[in-house]
There are 4 protein chains.
Amino acid sequence: MSEHRQGPVRSEAARMDVLHATARLFAERGYDQLTVEGVAAEARVGKQTIYRWWSSKSALVADCLLEGLLLPGSFIPRDTGDILVDVQSWLDEIFQVLGEPSGQSLMLSLLAAAAENGDVGRQLRASLGASSILSARFRAAVESSNLRADAPLDEIVQALVGTMIFRTLSRSEIEPHTSERLARAVLGEWVRA
Amino acid sequence: MSEHRQGPVRSEAARMDVLHATARLFAERGYDQLTVEGVAAEARVGKQTIYRWWSSKSALVADCLLEGLLLPGSFIPRDTGDILVDVQSWLDEIFQVLGEPSGQSLMLSLLAAAAENGDVGRQLRASLGASSILSARFRAAVESSNLRADAPLDEIVQALVGTMIFRTLSRSEIEPHTSERLARAVLGEWVRA
Amino acid sequence: MSEHRQGPVRSEAARMDVLHATARLFAERGYDQLTVEGVAAEARVGKQTIYRWWSSKSALVADCLLEGLLLPGSFIPRDTGDILVDVQSWLDEIFQVLGEPSGQSLMLSLLAAAAENGDVGRQLRASLGASSILSARFRAAVESSNLRADAPLDEIVQALVGTMIFRTLSRSEIEPHTSERLARAVLGEWVRA
Amino acid sequence: MSEHRQGPVRSEAARMDVLHATARLFAERGYDQLTVEGVAAEARVGKQTIYRWWSSKSALVADCLLEGLLLPGSFIPRDTGDILVDVQSWLDEIFQVLGEPSGQSLMLSLLAAAAENGDVGRQLRASLGASSILSARFRAAVESSNLRADAPLDEIVQALVGTMIFRTLSRSEIEPHTSERLARAVLGEWVRA
DNA sequence: GGCTAATCGAGACGGTACGTCCCGTCTTTAG
DNA sequence: CTAAAGACGGGACGTACCGTCTCGATTAGCC
């Protein structure tokens, strides 16, 4: 009854080879040095096998992101009971990574990919935005009355992540107390003693 | 005694032709469709004339940004005396522009250029960050005691601009009351009745 | 005792579909535009079905030639009793066909195929050379004493056919009286009053 | 007054590098193994430099032929005073070369190129046809009354060369006395004691 | 009737070469 | 010495086919 397709089926091995090669080269050389030809060579795969399933190099990157091959295991915010402190140390950790050249250039590459390709952008939102671990921490804080129930959680997350992105793009140096000021600026209003 | 140079000096006409051509093509086709060859043709200029004075296409874009050829005349926040209201309407205006395809893709192209080239990024900070008109409005609000004197102005500006950038990159739809919630999230703490 | 095979035997339908598709595409587009993939599609046959039975596209063409699908029904020389006249009008007919673009390009394609593949070349010899209808006419002329018994028939046929091939390859225009001069040049010696 | 073009002029060095590389690869590997990419690599030249000046690989071959880089110094017929003998030994020499695999495959490659590209074909005619050294020998024979004045020289040359081509394409073995029979078949009529 | 093996269509696979676009450098002529 | 024009060596693009392989369905002979 069902619709049957004849012929060979997509090779999962080839698919993963391509994605791993993409991730490897992306991390090594960055987004704009990434080439489809290079990925094909690294993955020992025909170029056509890439173009058959992905429309462009940015689609490759989006898919890698989806498979979790690009971002290191998310930064998990601590839970000391004090949301302000936890967000501060979360920001510190991130600024730490973005302070290193490799961390910075990985982020810039991701942003370049996101600027070029909507799927990468949306994927990035999924990783860093409302559905992220940070969001979960905020919801927990609301639960435990550490945050006011009417706090605009999405906007707060976006403001924090957006600041990181803006600072990365604008190559801002990290000054002392940045995390503290930022956390207080955005969260201060909504924290309960 | 002094160092004399023979021959004609740099042609200002050629310089502006190049920058205008860059701006035109950037706006029309976006950053990654922009090519040095295309700019040279559009400006009716030899390629070498471009490479003599600029190091890459991203340097061209950075220079255009500096000359104010890319961003439409800055959004000037109103001054009704109520900073919260003024920031809200400023955000509304911006979200309006970013809601249109042309505004969105101009912004995405700028972000792509900034991700690729530090000068563009720093230039972007100069246009949108601490030295921006929005910052000036905040300082005025502090002056008039509409904002607390200890408000972390830079962080606030970064949070607002960063949110815009994050939402653009992640292709977020603009929902009603976004501006209101965002302004309150970030400014609430620091506004004085 | 004998070697037995199980399973279905070669499909004659598929075989003819392939050969007809080859002949059609060969005539339409010429030899070097001919592709195995195109033949498979035109014949609605899997590529493997072609590769199972033929080793290359030139083998396909050789087979078509063998089946008589490429050359239009051979040019049959008249028999007026005067071999010189008959050869002349045979040459006229052929030069006529080779004068038209379609005839010329069919011939050129055949020559390309023959240059690439020995089987095609040998097949061409079988069609045009010693075993051809022209040869038969010569033998008849010898029989009826219209040609000397010691006439080197093979060399004469080769000289006539070879001239046609050379003129085709070199894109020579056909001038008036060519047939007459050629027939006399090659045959004159051997004709008997 | 005259039309001046600015800018660099075609590089003669690059031109000759390309042609020599083409000739080398053509002789080594034959026409259908010849690739534009391979020529570019061998000549250490950008592909675009080839495509800028030649339309296809067959145009490269035609140009090589024109520059005399493909055919070994023409076979020069002897002049013993007896045209029949001289043509015979000329044919022997050629059949000798075409008997060797390398000579045969060079010829087949040339024929393939000629079948594909009219310029190659016309060039081949210039090298082997009416303007050839063989033709000159025939004219000398007419001069010295060794050949009848009304002998159709062009047709005779074409018949001889055409036979060689046909025999090459059809992979005919060379039998003893072929040259003799062929020379007599085509020339017999016109030779004077 | 069930089993085995070869056929068929379709088409994914690793590759090679295509012809084009653009890079950044170099070369030429004009002013 | 600058400028335009544009040829140069090079690298990547996205496409077309190559010849091999894998898949599910079908079909012919054998037990």
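Computation of the quantities below employed the complete heavy-atom set of this structure, encompassing side-chain atoms and omitting hydrogens, waters and symmetry-equivalent molecules. Lettering follows sequence order; numbering is per chain, from 1.
Just one of T22(C), L60(C), T49(C) meets the side-chain contact (heavy atoms from CB on, under 4.5 Å) condition when paired with W54(C); it is L60(C).
Of the residues in residues 15-31 of chain A, none lies under 4.0 Å from DNA chain F by heavy-atom distance. Looking at residues 32-41 of chain A, you'll see T35(A), V36(A), E37(A) sit with a heavy atom under 4.0 Å from some atom of DNA chain F.
Nearest-nucleotide positions on DNA chain F for P8(C) and P8(A) put P8(A) closer to the 5' end. In terms of position along DNA chain E, the nucleotide closest to S11(C) lies nearer the 5' end than the nucleotide closest to the other residue of the pair S11(C) and V9(A). Each of Y51(C) and K47(B) was assigned the nucleotide of DNA chain F with the nearest heavy atom; the assignment lying further toward the 5' end belongs to K47(B).
As rounded to whole Å, 14 Å separates atom P of dA17(E) from atom CD of E42(D). Atom-to-atom, NZ of K57(D) to C1' of dC18(E) comes out at 11 Å; the value is rounded to the nearest Å. With rounding to whole Å, W54(C) atom CH2 is found 13 Å from dT7(E) atom P. Atom CD1 of I50(D) and atom P of dA17(E) are 13 Å apart (whole Å). Atom CZ of R10(D) is separated from atom P of dT29(E) by 17 Å (rounded to the nearest Å). Between the P atom of dT28(E) and the CD atom of E12(D) lies a distance of 13 Å, rounded to the nearest Å.
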In residues 119-126 of chain B, what donor-acceptor pairs under 3.5 Å come from side-chain atoms, sequence neighbours left out?
unit_1, atom_1, unit_2, atom_2, d
R125(B), NH1, S172(A), OG, 3.4

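Taking each heavy atom of A115(D) and R171(C) in turn, the nearest pair found is O-NH2, 3.3 Å. Among all heavy-atom pairs drawn from S109(C) and G30(C), the shortest one is OG-CA, 3.1 Å. Contact record, L19(D) with E67(D): CD1-CG, 3.8 Å, taken as the closest heavy-atom pair. Summarising the geometry of S127(B) relative to L71(B), their closest heavy-atom pair is CB-CD1, 4.0 Å, with the distance given to 0.1 Å.
Contact annotation for W53(C): backbone-only contact, meaning every heavy-atom pair under 4.0 Å involves sugar-phosphate atoms and none involves a base. Nucleic acid contact class of R52(A) (heavy atoms, under 4.0 Å, all strands): base.
A cation-pi contact, defined as under 6.0 Å to the ring centre and within 45° of the axis, links K57(A) to Y31(A). Because its NZ or CZ atom is not both nearer than 6.0 Å to the ring centre of W53(B) and within 45° of the ring axis, R15(B) does not count as a cation-pi partner of that residue.
Here dC13(E) is the nucleotide among dC13(E), dC18(E), dG19(F) with the atom lying nearest to any side-chain atom of T49(A). In the set dC21(F), dG19(E), dA12(E), dC21(F) carries the atom at the smallest distance from any side-chain atom of Q48(C).
The number of heavy-atom neighbours closer than 6.0 Å to CZ of R52(D), taken from other residues, nucleotides and ligands shown, is above 12.
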